[in-house]
Amino acid sequence: MAFIERMGDTLLNMGKDVSQKAKDMSGIAKLKLNIRSKEDFVREQYMEIGKAYYERHKGEDVLEQERFIQIEEALEDIAQMEHQILELKGAKKCPGCGAETAETAEYCSICGTKISAVVEEEPTEEESVEEKDVEIEFEVKDEQDPKA
């Protein structure tokens, strides 16, 4: 009988240990998730600070001028590619709200701006650089493309 009682106690203790380890693992997973969340928040804040710095100093001569030039070129490339996408889709951009509309639309279905009276033109540098949230990790240039 003592053997069965010891076996029961051993199983009970093992069950408690497993339960505690599962709680510990769950706690670790929650902490890691919270850490990742805070790291993402910090990364976003760094990006916002960098964006604000860029906006404040983009016309000035700063140490980071080469990076400013790379950002401007990348934003121009993005604007051109977005324009190409619209052309391929047979669509155009509303000058009022920026929504995508059918090429034959006379009015924007989102804001009601009259579209047919607006002449299609390439976005200016100021428009293409304005209010873009872009993360640029590196620059890739196509040597065959003279625009790049």
> Can you confirm whether L86 sits close enough to K92 that some side-chain heavy atom of one is under 4.5 Å from a side-chain heavy atom of the other?
no

> For M81, is the CE atom crowded, meaning more than 12 foreign heavy atoms sit under 6.0 Å from it?
yes

> Rounded to the nearest 0.5 Å, what separates atom CD1 in I4 from atom CE in M7?
9.0 Å

> Please identify each residue that fulfils salt bridge (charged side-chain N to carboxylate O under 4.0 Å, His left out) with E100, with sequence neighbours left out.
K89

> Would you say L75 ends up clustered with V62 if hydrophobic residues are merged whenever their side chains have heavy atoms under 4.5 Å apart, either directly or through other cluster members?
yes

> Using every non-hydrogen atom in the two residues, find where Y54 and E72 come nearest and quote the distance to one decimal.
OH-CG, 3.1 Å

> Quick check: is I85 connected to I78 through a chain of hydrophobic side chains (ILVMFWY, heavy atoms under 4.5 Å apart)?
no

> In Å, rounded to the nearest 0.5 Å, how long is the span from CG of L63 to CD of Q65?
10.0 Å

> For residues 13-37, which residue pairs qualify under salt bridge (charged side-chain N to carboxylate O under 4.0 Å, His left out), counting only residues two or more places apart or in two chains?
none

> Report yes if the side chains of T113 and P95 come closer than 4.5 Å at any heavy-atom pair, otherwise no.
yes

> Quick check for you: to the nearest 0.5 Å, what is the distance between K58 atom NZ and K51 atom NZ?
10.0 Å

> So how far is it from I115 CD1 to E103 CD, rounded to the nearest 0.5 Å?
11.0 Å

> Following the transitive rule for hydrophobic clusters with a side-chain heavy-atom cut-off under 4.5 Å over Ile, Leu, Val, Met, Phe, Trp and Tyr, establish whether I49 and F41 coincide in one cluster.
no

> In the single-linkage hydrophobic clustering (I, L, V, M, F, W, Y; side-chain heavy atoms under 4.5 Å), do Y53 and I71 co-cluster?
yes

> Which atom pair, heavy atoms only, marks the closest approach of C108 to C97?
SG-SG, 3.7 Å

> How close do R56 and E60 get, counting heavy atoms only, and between which atoms?
O-OE2, 3.7 Å

> Using a strict threshold of under 4.0 Å (side-chain N to carboxylate O), is an ion pair present between D9 and R6?
no

